[in-house]
Amino acid sequence: MASDYERVESAIQFIHNHHNSQPSLAEIASEVGLSNFHFHRLFRRWAGITPKQFLQFLTVEHAKQMLANNNLWDTSLELGLSGTSRLHDHFVTLDAVTPGEFKTSGEGLHIEYGLCQSPFGPAFISVTKRGICQLAFVTQENPQQPLDNLRENWSKAKITLNQKRIADIGNNIFSSDDHRRTRIHVFVKGSNFKLNVWKSLLKILPGAVCSYTQIANSIQKPRACRAVANAIGCNPVAFLIPCHRVIRNTGALGGYHWGIERKMALQVYEAAKSQNN
DNA sequence: ATTGCCTGCGTGG
DNA sequence: CCACGCAGGCAAT
């Protein structure tokens, strides 16, 4: 029995591979192995939109339009979050250290990890007292990779499984009910350049996208777009640091560590949620 | 939409 | 230091 996300992903894959031939909704439905009726229900359930709307969100035209939009940046972050008047709640705050400040590879640090479900497939999360230090999607090809990365990146930390705790954290992060969500704190290490890039990503509003160049401009390094792309690719905390909201100037999506289909799914999902506001 | 050539810059040796 | 490679950009087609 395939999960909703697996079906959404295979639909995306099919659309992506056949975007030249403009497949009909019925064709896509049968590719996913569902009747038209259930296909429709799947999208209503998953993102609250119809398959047709779903298709429209995935076009390059739509992406370009989103890029042209001015209201991408949450300026309240730059203004320093003036208490009650903020327009958008910042669910994610960031605590960062440079490698220089943190030479010990996590000595004395206790990290708990585990798996949870998300609208984008199973996710691997690890967390310290100071915040979430990793969020990785689990791929079928290499399900061990997140744990291997964790051990490598924090080689001297005490690392233990705590499935219950991670399930709770996952429920909070991916809760569709914004009012139920509590503040999420992230704890990462990286070079100063990477940290600057990651902080910029936090300013992009859900449902919005921006280009690699716009991020480069925002950190006062207008010609560093490629270095920016590289830094974005090193983001250890998928979804929470929203690297999926950065695309190419042309409207093409660019790359994604967790697969281009997942990047599309994340964008459609957020676009669908934010259009209802 | 796809190709090919251009670029600057952070990173790791 | 220097060489390398990049989840990009851009112009030409």
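Sequence lines set the chain letters: A, B, ... in the order given, protein chains first and strands last, and positions in each chain run from 1.
Nearer the 5' end of DNA chain B, as judged by each residue's closest nucleotide, is the contact made by A/His19, out of A/His19 and A/Ala231.
In this model, the phosphate group of C/dG9 is not approached by any side-chain N or O of A/Thr250 to a distance below 4.0 Å at OP1 or OP2. A close approach under 4.0 Å does occur between a side-chain nitrogen or oxygen of A/Thr213 and OP1 or OP2 of C/dG9.
Among the nucleotides B/dT11, C/dG9, C/dA7, the one closest to any side-chain atom of A/Lys194 is B/dT11. Of the candidate nucleotides B/dC6, B/dC9, C/dA7, B/dC9 has the atom lying nearest to any side-chain atom of A/Ala224. Listed nucleotides C/dG9, B/dG8, B/dT2 differ in distance to A/Asn249; the shortest reach to its side chain belongs to C/dG9. Considering only side-chain atoms of A/Ala227, the nucleotide from C/dG9, B/dA1, B/dC9 that sits closest is B/dC9. The side chain of A/Arg226 sits closest to B/dG8 out of C/dA7, B/dG10, B/dG8. Of the candidates C/dA7, B/dC9, C/dG8, C/dG8 carries the atom nearest the A/Cys225 side chain, counting heavy atoms from C-beta on.
Counting to the nearest Å, the C1' atom of C/dA7 and the CE atom of A/Met264 are 14 Å from each other. Between A/Ile215 atom CD1 and B/dG10 atom P there is a gap of 16 Å when expressed in whole angstrom units. Straight-line distance from the CD1 atom of A/Ile232 to the P atom of B/dT11: 13 Å, rounded to whole Å. The nearest whole Å value for the distance from the CG atom in A/Asn235 to the C1' atom in C/dA7 is 12 Å. Regarding A/Arg223, its CZ atom lies at a distance of 14 Å from the P atom of C/dC10, rounded to whole Å. Across the protein-nucleic acid pair, A/Asn196 atom CG and B/dT11 atom C1' stand 16 Å apart, rounded to whole Å. In this entry the distance linking CG of A/Leu67 with P of C/dC10 reads 12 Å, nearest Å. Atom-to-atom, NZ of A/Lys221 to C1' of C/dC6 comes out at 17 Å; the value is rounded to the nearest Å.
Side-chain polar atoms of A/Thr98 and A/Glu101 form a donor-acceptor pair below 3.5 angstrom. When only modelled atom types and interatomic distance are considered, A/Thr160 and A/His110 share a side-chain donor-acceptor pair under 3.5 Å. Side-chain contact of A/Glu31 with A/His18: a donor-acceptor pair under 3.5 Å is absent, judged by distance alone.
Contact annotation for A/Tyr212: base contact, defined as any heavy-atom pair under 4.0 Å involving a base atom. Residue contacts shown for A/Val60 are limited to sugar-phosphate atoms, with no base heavy atom under 4.0 Å away. A/Arg248 comes within contact range of at least one nucleobase, with a heavy-atom separation under 4.0 Å.
Checking side-chain atoms of A/Ser218 against main-chain N and O of A/Ile215 turns up a donor-acceptor pair under 3.5 Å. Using modelled atom types, no side-chain atom of A/Glu112 and backbone atom of A/Ser126 make a donor-acceptor pair closer than 3.5 Å.
The nucleotide B/dT7 finds no pairing partner, because no Watson-Crick or G-U wobble arrangement with both distances shorter than 3.5 Å includes it. With a 3.5 Å ceiling on both atom-pair distances, C/dA7 lacks any Watson-Crick or G-U wobble partner.
Using cut-offs of 30° and 60° on the angle between ring planes, the pair A/His244 and A/Phe239 is parallel.
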